[in-house]
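Report on the structure given below.
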Amino acid sequence: MELATVTSKGQVTIPSVIRRKLDLKTGSKLLFFEDGEKVVIKKNDPEAALEAIQSVLAPLAAEQGILTDDDVMMLVKEYRSRKKIK
């Protein structure tokens with residue numbers, strides 16, 4: 001466990017142990033996920049970005065009845081066919 005302090009500008013210095021473990025360099029991008037009372041921070045990479053999108057869109061998709069990969073592929077095909085017509 002590492003400890004950091006939030007500054008008056010809302011900035012936090014990521015402890016060096018964590019920076020090395022995640023290979024964070026100057027300019028690295030991070031993703032923040034809320035999970036109840038916790039915040040999860042991940043290095044931004046394609047897999048993490050897709051995970052973030054999935055966590056936001058999954059409940060919305062379920063409300064629309066989009067539950068399987070086949071449902072998603074059908075929507076993609078429909079969208080692409082509409083774009084070709086225009």
Side-chain angles (χ1 to χ4, degrees):
M1 178 186 304
E2 301 293 329
L3 179 66
T5 303
V6 179
T7 69
S8 61
K9 292 183 178 183
Q11 298 171 330
V12 175
T13 298
I14 301 168
S16 60
V17 172
I18 305 297
R19 290 193 313 265
R20 281 193 298 272
K21 185 175 181 178
L22 295 178
D23 191 32
L24 298 175
K25 308 286 188 225
T26 300
S28 292
K29 303 290 184 188
L30 300 173
L31 295 169
F32 292 78
F33 301 89
E34 291 181 61
D35 183 12
E37 299 255 336
K38 298 183 289 184
V39 175
V40 177
I41 303 171
K42 288 188 169 189
K43 184 176 180 180
N44 187 28
D45 61 25
E47 187 176 321
L50 285 173
E51 185 178 310
I53 292 167
Q54 174 70 17
S55 68
V56 170
L57 295 181
L60 300 172
E63 287 175 13
Q64 299 294 316
I66 304 165
L67 303 173
T68 67
D69 290 347
D70 289 338
D71 294 338
V72 173
M73 291 308 297
M74 184 178 65
L75 286 171
V76 169
K77 287 178 183 177
E78 288 174 10
Y79 175 78
R80 287 179 176 165
S81 69
R82 286 194 310 265
K83 291 299 281 182
K84 287 180 183 178
I85 295 170
K86 293 181 180 182

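For reference, positions follow the sequence shown, starting with 1.
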Once side chain to side chain donor-acceptor pair (under 3.5 Å) is applied, what residue pairs with a partner in residues 28-47 remain, sequence neighbours excluded?
K42-E51
Hey, any chance V39 and L22 share a hydrophobic cluster, counting ILVMFWY side chains that come within less than 4.5 Å of each other, even indirectly?
yes
Any side-chain heavy-atom pair of L75 and E78 under 4.5 Å:
yes
Among all residues two or more places apart in sequence or in another chain, which pass the side chain to side chain contact (heavy atoms under 4.5 Å, CB included) test with V76?
V72, R80
CD1 (I18) and CG (L24) are apart, to the nearest 0.5 Å, by 9.0 Å
Hey, mind stepping through L57 and I66 against side chain to side chain contact (heavy atoms under 4.5 Å, CB included) and telling me if it holds?
CA-CA 10 Å; L57 295 181; I66 304 165; over 6 Å; no
Shortest non-hydrogen separation from L67 to A62 and the atoms involved:
CD2-CA, 3.8 Å
Applying salt bridge (charged side-chain N to carboxylate O under 4.0 Å, His left out), which residue pairs with at least one partner in residues 62-75 are found, sequence neighbours left out?
none
Over all atoms of both residues, closest heavy-atom pair of A4 and T13
CB-O, 3.5 Å
Does a side-chain heavy-atom distance below 4.5 Å link I14 with I41?
no
